[in-house]
Amino acid sequence: MANEVIFKNRDLDNLWDIEQYRSRGGYEVLTKILTEKTPPAEIIDGLKTSGLRGRGGAGFPTGLKWSFINRDAPTDKYLVCNSDEGEPGTFKDRDILRYNPHALVEGMLIASYVIDAHYAYNYIRGEFWEPYERFQNAIDQARAAGFVGKNILGSGFDCELNVHLGGGAYVCGEETALLESIEGKKGQPRYKPPFPAHVGLYGCPTVINNTETLSSVPTILREGAEQFRDIGVENSGGSKLFSISGHVRNPGVFELPMGTPFSELFELAGGMRDGSKLKAVIPGGSSSPVIPGNLMMDLTMDYDTIAKAGSMLGSGAVIVMDESTCMVKILDRMGYFYHEESCGQCTPCREGTGWLYRIVHRIENGQGRPEDIDLLMDVQNRIRGKTICALGDAAAMPVAGMLRYYQDEFQYHIDHKKCMVGAGV
Amino acid sequence: MSALEIKNRDELFTPEIRAEIDHEIAKYPEGESQSASMAALRIIQDANGGWLTQERMDEVAAYLDLPSIAIYEVATFYSMYEHKPVGRNKLCVCTNISCMINNSDQIVEHLNSKLGIKFGEVTEDGRYSLKEVECLGACGGAPMMQVGHKYYENLTPEKLDSILDELE
């Protein structure tokens with residue numbers, strides 16, 4: 001447990017209850033900050049030292065993000081938490097909401113104090129009803145204890161904390177689409193700049209952080225920024241929640257130091273199921289390019305190492321596939337997903353994801369054409385970097401990744417109208 | 001309530017429903033009641049047997065003092081709003097990668113044959129409908145589905161049978 005931050009106190013029964021949370025120092029940091037009126041810049045410096053980076057997938061330094069807010073601006077400011085967990089393979093924030101919701105409540109209140117926000121919203125995906133109830137209960141308990149609402153702990157600081165439930169749209173995990181959604185509109189991403197730190201929710205300065213990011217804050221401030229930083233490795237401070245699923249024996253969420261060898265995570269998840277052999281790993285959610293299993297076994301789980309290997313740590317969502325897995329079928333399903341979830345605003349994404357899906361789908365169904373592999377590369381190229389938000393890139397990158405390592409499977413499908421995996425080649 | 005028993009506006013917008021929507025509106029700063037459009041649609045959909053009609057959407061728009069188009073846009077953008085009748089139990093089955101490689105196909109086939117319906121269809125008695133959904137963020141329990149507010153994980157055909165029996 002020494003290296004755990006979010007789930008440090010997992011051994012406690014009913015950690016979601018405020019008394020349990022407080023029995024291990026919960027809300028002490030918030031109380032200290034509010035009663036001592038800690039200068040916000042001091043808290044931001046602490047976060048910068050900690051090396052905490054956005055856990056939603058983009059990995060942007062959290063302290064830096066908070067520092068962009070001009071807390072003296074004459075407008076309202078808003079704090080928004082992104083619990084719209086939807087990157088395929090990711091299921092960590094659901095566990096935070098269910099098992100340690102007060103860490104998030106406390107983290108959101110600290111962030112609100114730092115940026116001087118009097119309204120904070122947690123955007124929880126609409127399907128997460130049970131996690132939402134658990135989190136709402138935590139808000140209610142925190143309010144009853146005087147941590148939420150007007151004049152918190154007599155400090156003069158007001159902060160209302162509420163949940164906004166989503167309605168089922170992957171793109172709302174994109175921060176500006178999420179803001180549109182809180183405003184009660186279609187979740188179509190906004191142009192950046194202006195960035196949310198300047199023009200965010202209701203046109204006001206806004207900080208948006210992932211659930212895991214905000215939930216890490218109380219422990220970092222309580223136990224020391226250096227201690228958190230030193231859990232991880234250079235450029236990837238702290239611990240991280242990894243969601244591991246697929247063909248492993250014990251799928252689940254594991255909190256490990258950044259820089260932990262993949263082989264250790266793999267072992268914690270029980271290794272391959274039913275004696276099957278490891279084929280490939282998607283290391284950071286379905287948008288991150290696939291990495292062959294033998295290469296993955298030599299990598300460590302941190303931003304730089306996975307980036308150097310040509311993929312992304314993303315949300316830390318690891319999907320493990322065994323040798324029976326057909327990569328064409330995987331890409332076919334992914335293509336369907338991105339096409340289905342494209343918001344339709346940018347032509348390269350709206351049309352391009354349709355092209356990607358239809359081409360891979362016909363290859364998968366034995367109707368591939370000789371030119372299809374070149375066509376796939378061409379189409380993914382025409383999407384990348386040409387859209388308002390990252391959904392286009394997210395749809396394109398796995399295509400290039402698949403063709404980099406598994407082009408022979410696609411070629412076999414095209415040439416033989418059947419699957420190489422099933423054919424036992 | 002079955003899909004055929006359409007309530008009129010006053011029957012639907014009971015004091016309780018109004019209070020529920022007003023509670024949502026109060027979460028947002030003054031003048032930002034449009035923010036409650038998603039919640040209002042959800043509340044009305046639930047009260048309306050699980051789906052929305054144009055009349056229902058118009059009523060939500062009127063209640064929030066918004067043009068109808070603002071509500072149509074939201075109601076058609078997000079996948080959790082339904083525009084056709086659904087079963088009393090809407091079975092939302094994930095078929096994304098982690099579920100797919102854990103045999104979600106087998107789950108879907110079992111439901112197809114047992115209930116005699118495909119995705120997007122409702123059983124004749126109105127008890128079940130089937131919907132294909134994208135990743136619901138429970139990949140550690142793949143294959144999985146959602147029914148109402150509840151997640152059912154690590155599904156097998158046998159497990160499905162007992163779940164279906166429990167759902168009224």
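Predicted model only: the values in this text are computed from it and were never measured. By convention in this document, chain letters (A, B, ...) are assigned in the order of the sequence lines, proteins followed by strands, and residues within each chain are numbered from 1.
Residue contact with chain A, scored on non-hydrogen atoms closer than 4.5 Å, is absent for B:S33. Looking at A:H118, neither its backbone nor its side chain comes within 4.5 Å of chain B, counting heavy atoms on both sides. For B:E73, the parts lying under 4.5 angstrom from a heavy atom of chain A are both the backbone and the side chain. In this structure, chain B has no heavy atom under 4.5 Å from any part of A:E160. Both the backbone and the side chain of A:S181 come within less than 4.5 Å of a heavy atom of chain B. Residue contact with chain B, scored on non-hydrogen atoms closer than 4.5 Å, involves the backbone of A:V320 exclusively. Only the side chain of B:E132 has a heavy atom closer than 4.5 Å to any heavy atom of chain A. Contacts of A:F337 with chain B are made by both backbone and side-chain atoms, with heavy-atom separations under 4.5 Å. Heavy-atom distances place no part of A:E133 under 4.5 Å from chain B, backbone and side chain included. In this structure, chain B has no heavy atom under 4.5 Å from any part of A:C326. Proximity to chain B (any heavy atom under 4.5 Å) is shown, for A:I182, by both the backbone and the side chain.
Annotation for A:K150: atom NZ does not count as buried by contact number, only 12 or fewer foreign heavy atoms lying within 6.0 Å.
Among the candidates A:S324, A:P251, A:G86, the residue making the largest number of heavy-atom pairs closer than 4.5 Å to chain B is A:P251. With chain B as the partner, the residue from A:H164, A:K92, A:E87 showing the most heavy-atom pairs under 4.5 Å is A:H164. Residue with the most contacts toward chain B among A:G252, A:S286, A:G187, A:G89: A:G187 (heavy-atom pairs, distance under 4.5 Å). Between chain A and the residues B:G141, B:C99, B:A39, B:P29, the largest count of heavy-atom pairs under 4.5 Å involves B:P29. In terms of non-hydrogen atom pairs under 4.5 Å with chain A, the most contact-rich of B:C92, B:G137, B:C94, B:A36 is B:G137. When each of A:P88, A:S243, A:A269 is scored by its heavy-atom pairs under 4.5 Å with chain B, the top score falls to A:P88. Note: A:W129 leads A:W129, A:F128, A:Y170 in heavy-atom pairs under 4.5 Å with chain B.
Salt-bridge annotation for A:R98 and A:E85: absent, with no side-chain N of the basic residue lying under 4.0 Å from a carboxylate O of the acidic one. In summary, A:R125 and B:E134 do not engage in a salt bridge, as defined by a charged side-chain N under 4.0 Å from a carboxylate O. Remark: B:R88 does not engage B:E168 in a salt bridge, criterion side-chain N to carboxylate O under 4.0 Å.
Side-chain contact, A:D93 with A:S83: no donor N or O sits under 3.5 Å from an acceptor N or O.
For the pair A:C349 and A:Y338, the minimum side-chain heavy-atom distance is 4.5 Å or more.
Between B:Y63 and B:F13, the angle of the ring planes lies from 30° to 60°, which puts this pair in the tilted group. In this pair, A:Y121 and B:Y28 present their aromatic rings parallel. The plane angle is below 30°, not in the 30 to 60° band. Under the 30°/60° scheme for interplanar angles, the aromatic rings of A:Y357 and A:Y336 are found to stand perpendicular.
Atoms CD1 and CG, from A:I96 and A:L241 in turn, are 5.0 Å apart once rounded to the nearest 0.5 Å.
When all heavy atoms of A:I291 and A:S311 are compared, the closest pair comes out as CD1-CB, 3.7 Å.
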